[in-house]
Amino acid sequence: MESFPVERWDAIIAINLTSAFHTIRLTLPKMKQAKWGRIINIASVHGLVASAEKSAYVAAKHGIVGLTKTVALETATTGVTCNAICPGWVLTPLVQKQVEARAARDNLSQEAAKKSLLGEKQPSMQFATTEQLAASQCSCVRRRRTRYAGVAWNVDGGWYAQ
């Protein structure tokens, strides 16, 4: 904590939390006017649990989950719902960099580094896929799903269950 760069903190909070606030703030009036809308925030399993060395990211993602719940309460009678998707490891370019760094640091193959990374947190030993995330989002947007509000959906291969 004491050595985390303030500028990096501000940037991570802006990208991962403040941007969602402004997007919701600007789109909510039209949704309320239409008496229907679906807000789906992309949080992270880090919105539900913490990991060391990730203070800004964890704080931002916890903030997204809190923002989701607040918006769900504020729109409960309007036809608008707000939910969050909380993925675990997804093999994005950012995660691939972590895999590569681990492979170099521990003298591992890419596959062994992936297994090492997954083994620390994600019991399924598989990355969540974009298709799985999309299916979670599609489930939230159906008109008949009006009772899903303020939910943080885990797509994390068992990470949060531990």
Side-chain angles (χ1 to χ4, degrees), residues 1-2 4-98 117-118 121-124 126-162:
M1 278 298 301
E2 64 273 10
F4 199 87
V6 172
E7 305 80 32
R8 190 163 168 225
W9 172 276
D10 291 343
I12 290 169
I13 297 297
I15 291 165
N16 289 287
L17 179 56
T18 305
S19 61
F21 162 76
H22 287 298
T23 302
I24 293 168
R25 181 180 63 82
L26 294 170
T27 58
L28 197 52
K30 294 241 183 217
M31 289 181 175
K32 288 169 97 174
Q33 183 180 18
K35 296 182 170 67
W36 192 86
R38 298 293 180 258
I39 299 166
I40 303 171
N41 291 316
I42 304 301
S44 165
V45 69
H46 280 115
L48 305 169
V49 297
S51 290
E53 307 294 323
K54 296 180 183 274
S55 60
Y57 187 76
V58 169
K61 294 306 182 173
H62 269 75
I64 287 289
V65 172
L67 178 65
T68 297
K69 291 176 180 185
T70 300
V71 173
L73 291 173
E74 291 179 3
T75 60
T77 62
T78 67
V80 176
T81 63
C82 186
N83 294 288
I85 306 296
C86 299
W89 291 119
V90 179
L91 195 54
T92 62
L94 182 62
V95 172
Q96 181 60 41
K97 285 182 185 177
Q98 293 179 48
L117 183 71
L118 287 166
K121 306 271 187 179
Q122 203 148 304
S124 69
Q126 296 178 347
F127 290 99
T129 66
T130 55
E131 292 81 11
Q132 290 165 335
L133 300 179
S136 297
Q137 292 173 36
C138 288
S139 179
C140 290
V141 300
R142 294 192 180 104
R143 279 196 180 270
R144 66 182 179 270
R145 300 287 167 96
T146 59
R147 299 295 177 251
Y148 292 171
V151 177
W153 297 97
N154 302 351
V155 185
D156 64 5
W159 184 330
Y160 183 65
Q162 299 180 76

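Just so we're clear, the structure is a prediction, and the values are computed from it rather than from any experiment. Values reported hereafter were calculated over all heavy atoms of this structure, with side chains retained and with hydrogens, waters and symmetry mates removed. Residues: numbered from 1 along the sequence shown.
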Task: T92 (side chain) donor-acceptor with V95 (main chain) under 3.5 angstrom - done: yes
Open item on the list: Can you confirm whether more than 12 heavy atoms, excluding those of R8, are under 6.0 Å from its CZ atom?
Closed with: no
Task: Any donor-acceptor N/O pair, D156 side chain to G158 backbone, under 3.5 Å - done: yes
Listed pairs under 3.5 Å, donor-acceptor, residues 41-56 side chains, sequence neighbours left out:
residue	atom	partner	partner atom	Å
N41	ND2	T68	OG1	2.8
S44	OG	H46	N	2.9
H46	NE2	S51	OG	2.7
S51	OG	K121	NZ	2.9

Open item on the list: Distance check, rounded to the nearest 0.5 Å: I15 atom CD1 versus L17 atom CG?
Closed with: 11.5 Å
Open item on the list: Just to verify, what does Q98 make a side-chain hydrogen bond (donor to acceptor under 3.5 Å, both in side chains) with, not counting sequence neighbours?
Closed with: none
Open item on the list: Just to verify, which of V71, T81, L67 counts as forming a side chain to side chain contact (heavy atoms under 4.5 Å, CB included) with I39?
Closed with: V71
Open item on the list: If we ignore hydrogens and angles and just use 3.5 Å, is the side chain of Q122 paired with the main-chain N or O of W89 as donor and acceptor?
Closed with: yes
TODO: Tell me, with the steps shown, if Y160 and V155 meet side-chain contact (heavy atoms from CB on, under 4.5 Å).
DONE: CA-CA 9 Å; Y160 183 65; V155 185; over 6 Å; no
Open item on the list: Could you go through K61 and N16, starting from their C-alpha distance and side-chain angles, then the distance that decides it, and tell me whether this counts as side-chain contact (heavy atoms from CB on, under 4.5 Å)?
Closed with: CA-CA 7 Å; K61 294 306 182 173; N16 289 287; 3.3 Å; yes
TODO: Using the side-chain contact (heavy atoms from CB on, under 4.5 Å) rule, take R38 and V80 through it: C-alpha gap first, then chi angles, then the decisive distance, then the call.
DONE: CA-CA 6 Å; R38 298 293 180 258; V80 176; 5.7 Å; no
Open item on the list: Has E131 got a side-chain atom pairing as donor or acceptor with A135's backbone, closer than 3.5 angstrom?
Closed with: no
